[in-house]
Every structure is written in structure tokens, then in C-alpha cells.
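Beneath this line is the structure, given in C-alpha cells, with notes to follow.
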Protein chains: 2
Amino acid sequence: MGWSIAEVARTSGVTSRTLRHYDAIGLLPPAWVADNGWRYYEHEQLLRLQQILLLRELGLGLDAVAAILEQQSRHTTVEVLRQHRDWLVAEQERLARLVHTVDRTITDIEKGGEMAPDTMFQGFEHNPYEAEARERWGDDAVDASHERIKALSADDAEKARTGYGRVHDGLAPLLAEGVPASDERVQELVDLHFQVISLFWTPNAEAYRGLGQMYVDDERFRQNIGQGNDALVTYLRDAMAIYADGKL
Amino acid sequence: MGWSIAEVARTSGVTSRTLRHYDAIGLLPPAWVADNGWRYYEHEQLLRLQQILLLRELGLGLDAVAAILEQQSRHTTVEVLRQHRDWLVAEQERLARLVHTVDRTITDIEKGGEMAPDTMFQGFEHNPYEAEARERWGDDAVDASHERIKALSADDAEKARTGYGRVHDGLAPLLAEGVPASDERVQELVDLHFQVISLFWTPNAEAYRGLGQMYVDDERFRQNIGQGNDALVTYLRDAMAIYADGKL
DNA sequence: GGTTGAAATTGACGTTACGTCAAGGTCTAC
DNA sequence: GTAGACCTTGACGTAACGTCAATTTCAACC
């Protein structure tokens, strides 16, 4: 009488390991255990297993499943399901925010891919670091960079239009509010900017300050970063200078 | 020279345990280790830590973070981030489906709360089970059930309008396609129906068959379940009868 | 009665990113 | 010398099993 663990496993689509696990945590003990230790299941256990699987499919944890089956009350069940639903929605929103942030970071990096290396080499071009740059990345890379920076057209600017989004998004309202560049919130954003830059190139204080100045001086950077709002770029430069003085 | 583990922990907002963990998995070894075994970190490690935290905030696993920092290439980084983004979106969609399913199940159960007990008792009312029902749930429950079933108004029907959604959603198109009630897809839906019912009441074959018949005979059930589509209710009854014969 | 193959059992480790003790050494200051 | 802060390694716990590994049992066949 009754079914063995493998038979139950086959007909219900779970592994015998899972059934043993459910036994171990007390969620689904077998109907009876033979003298040799073998587990045997009856119709009642099969039904309970189906209930477990139904609830598990909703994404509930086994503890929540156990709570529902223990109470067998509509009120408790709906209560647990509602909590679970709330959790699902919250998690979904968290993921949505992450997707957004990742998207922003990707465009930031891609924009960095179009501009930052050139920035980097241009920064070296007329200062004592150029020799080091040529040594570190090779003449070809530096020369190619010079080519690319010359070739930067309105097209590229357009392509990069959405870049530096995370920093831009946060900075613009702070500027509008008249928050000083030394403000903590501004410096946090600059820190983010510095970190994204630092994923591939770590400027020292002087280079970072120079990068900010270049954003202002070079029309393409000014346009890309400020999106027509030149004050924003100046603001970023000032904030970067303060950051460089304080943290680098 | 350098900072101790607790100093780094304080300034960067992680615990010393985390730093030890990052050392253990090779993600962030300290700059040097003193003779007494104490870890000391330099500026370079702080920077790397910031990079790690930046990427971790995007929801990346530590292995993905390690991959990015190991390569230090824009291409790899964007590649990893894109994969991660895809995963995030897929997960988000999965959660959205779960939310939907949980919602449906909640309304199913709540509708069950309004109708199934009455169904249950009504099912017993004119058959040999009524005595057992009175013994099992008490006279009060059965009498109250009779009161409630009499009081079922258009209001209640309206309240329950969205119930049995999962079954209804799946069944209607199959009926429209002319799929026979014995079809596997139909029977799967009936199985779902049976399982939701079984969360609180486990009918035997006869009771389940009777429940299906009642859906057809009683106007309120017919209306609630079929939403005006009487053929759907008949279809469900037939499918339930087949299910009862085959599985119960 | 012995052998074989299928099926069963109980461990126990691995997974993710640490949190949380626990036991014991080290440093600094009084 | 000792208190107190700080450091170390070690080990268990988390969720829900997957995946061996070693061993035992059962049913059937020769």
C-alpha cells in the first residue's frame, strides 16, 4: 500500500531529494516509514504535495507555505499572499530602479568610451604626462586618440547625447536650487562621476581638475555635458575642483 | 602608513567582515599584511573598494564585479552590464507574472470564501453528506451558510466578479477553439481549479462532479463564473466530471 | 543460495555574501 | 600590570535543494 518516494517523485514532477527535504523540515512527512527506513506516501500526502507545489509556484518560501497549510484558514492564507504580493511588488520596483541605473551607467561608460580616452590623451598632450601616456598605451593609441578627437562631429555629440545621465540628472536640480558646489549632495554626485571615470582611468587631483576645466573650455564637451546649459558645466567644473582639492 | 581594517570599514561604510571576505575571495587583498597578521590598506585599495561598491550597487554579483575589474576594459564592462541588465529585466518580468498570478489566486480564494463554503454545504444539503457536514462544522456553520447563500445578492455577485480568474482566462480561449473538455490543456486548468478548492476543502469525486453541475444549475454561480458565457460553464462542468472520473 | 540491477537510505559539501558569535592574540594608554 | 579597543582565524547559519558518495534493501533470475 502507498507509494514509494521515487513513484511520488515521478508522478508529481519533483525529485526524491526534494521530498526528503520536505520531510526533513517537517513540511511533508510520509504517511509511514517502514522498518527498513523507506518512506511511503498515501493519497493524503499527494494532495498536500500538490498544495505545496501550487503555493510554491507563486514564489512563496517554504516557511510561508508551511504557515498557510498549518492554518488552513482563508484569512491567514489571504494575509500571507497579500504580504507576499507586497514583497513581490517592492522587489519589482527595486529591479526597475536597478535597470534604470544600469542603463545610465552603460551610457555613461559608452560615452566615456567615445570621449574619456581622448580627454585622457588630450589632457596629456600639452603637459608632462604625454610621454608617460605614450609609454603606457603606445604611440598608436595616442595618435588614434588624436585622430578620433579631431573627428568628433555633431553626429558623435548626438550619439553621446544621453551620456553622463546619472550625474546630469542629479546636478541640474541642485544648480537650479542654488546649492553651492561645495555642498555634500553635489560632492556625492561628483564622487559618482569620479568613480565612473575611475573604472578605466584614475586621474590625480591635477588631472581631475584639468578635466573639469576642459569640459568648460571645449565646446563639444560643454555641449554634450551641459545640453545647452553652460552654467551646469561651470558648476560641475567648480565642484570637481573642490572634490580634487578635498579628496584627491 | 596605511589604514587598518576598521578604519577602512568606517570610512567606506562596510563592515570589517566584508573586507575580510573580499580578501578571502581575492577580490580586494590588502596592500600589505603585518607580521602580526593585521591587514593594512592604501589609497589604491580604497579606490578599488569604491569601484567594487559602485558595481555592487548595480546588483552585480561579486564574480561579475571581479570580472569587470580584472579586465578593466570598456568592452567587457559594457558586455557584463548588458548581460546583467537582461537578467534584471527577465527577473522583473518573472515577478510581474507572479504578482498577476498571486492576485488571481487571492481573488479566487476570496471568492471561494464567499461561495465555496456555501457550495460545500449546499452540496451536502440534499444528499447523505449533510449529517456529516453538521457533525464536522457544527449546526451553526451550516445554518449560517444557508443564510448566506440565501442572502447572495447581485452585490455579492458583483464583488466576486473577478474571481476564478486563472481558470476562466485559460478556459475561454480553449472553448472558443473547440478543444474537447477531455483535452490535456483543459484538464490542467481543472486541476488548478481543484487545487485552489482543495486548499480549504477536499471534495471526493462525487462532490466535485456535483460542484460542477451546481455551477450550471445555480444562476448566481453560472453568472459569476461564466460572465454571461453559459457555454463556458457547461464546458467547465463537463471537464470537471471528466477530471473527477479520471483522477479522483 | 548467490548475484545483479534498481531503488532506497543517511551523510555531507556546494551555492551567495556576508552576519554573528567564539576563543584568543595585540596594541595603546594609564 | 591591566583594561579596553582592535585584530586574527574558525565555524555555523542563511534557502532550497543539487550532486556525489558509501552503504543497504528489494525483487528477480540462475
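Just the heavy atoms: all of them, side chains too, but no hydrogens, waters or symmetry mates, feed the values below. Each chain gets a letter, A, B and so on, in the order the sequences are listed, and its residues count up from 1.
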Spacing between A/Leu55 atom CG and D/dA16 atom P, to the nearest angstrom: 13 Å
So B/Ser4, base contact, sugar-phosphate only, or nothing? Heavy-atom distance under 4.0 Å. sugar-phosphate
Nearest whole Å is fine: how far is C/dA7 P from A/Arg10 CZ? 6 Å
Strictly below 4.0 Å, N to O, side chains only: are B/Glu91 and B/Arg94 in salt-bridge contact? yes
Would you kindly give the CD1-to-C1' distance between A/Ile52 and D/dC17, to the nearest whole Å? 14 Å
Using a 4.5 Å cut-off on heavy atoms from C-beta on, say whether the side chain of B/Gln187 contacts that of B/Tyr243. yes
Could you tell me if the side chain of B/Met240 sits less than 4.5 Å from the side chain of B/Arg237, heavy atoms only? no
How would you label the contact of B/Ile25 with the nucleic acid (heavy atoms, under 4.0 Å): base, sugar-phosphate, or nothing? nothing
Is there a side-chain contact between B/Val33 and B/Tyr40, using heavy atoms and a 4.5 Å cut-off? no
Could you check whether atom CD of B/Glu177 has more than 12 heavy atoms from other residues, nucleotides or ligands sitting under 6.0 Å from it? yes
Under 3.5 Å: donor-acceptor pair, side chain of A/Thr11, backbone of A/Glu7: yes
If we only count heavy atoms from C-beta on, is the B/Tyr208 to B/His193 side-chain gap below 4.5 Å? yes
Distance check needed: D/dT8 P versus B/Arg20 CZ, whole Å only. 5 Å
Scan residues 29-44 of chain B against DNA chain D and write down, sorted by residue number, each residue with any heavy atom closer than 4.0 Å; if none is found, say none. B/Gly37, B/Trp38, B/Arg39
Do nucleotides 17-24 of chain C as a string where each nucleotide becomes B, S or -: B if the base has a protein heavy atom under 4.0 Å, S if just the sugar-phosphate does, - if no protein is that close. BBBB----
Gap between atoms CG and C1', on A/Leu19 and C/dA8 respectively (whole Å): 13 Å
Tell me whether A/Arg82 contacts the main-chain N or O of B/Asp103 through its side chain, where contact means a donor paired with an acceptor under 3.5 Å. no
Round to a whole Å and report the spacing from NE2 of A/His84 to C1' of D/dA15. 14 Å
Using atom CD1 of A/Ile5 as one end and atom P of D/dT25 as the other, report the distance to the nearest whole Å. 17 Å
Any sub-3.5 Å donor-acceptor pair from A/Thr77's side-chain atoms to A/Ser73's backbone N or O? yes
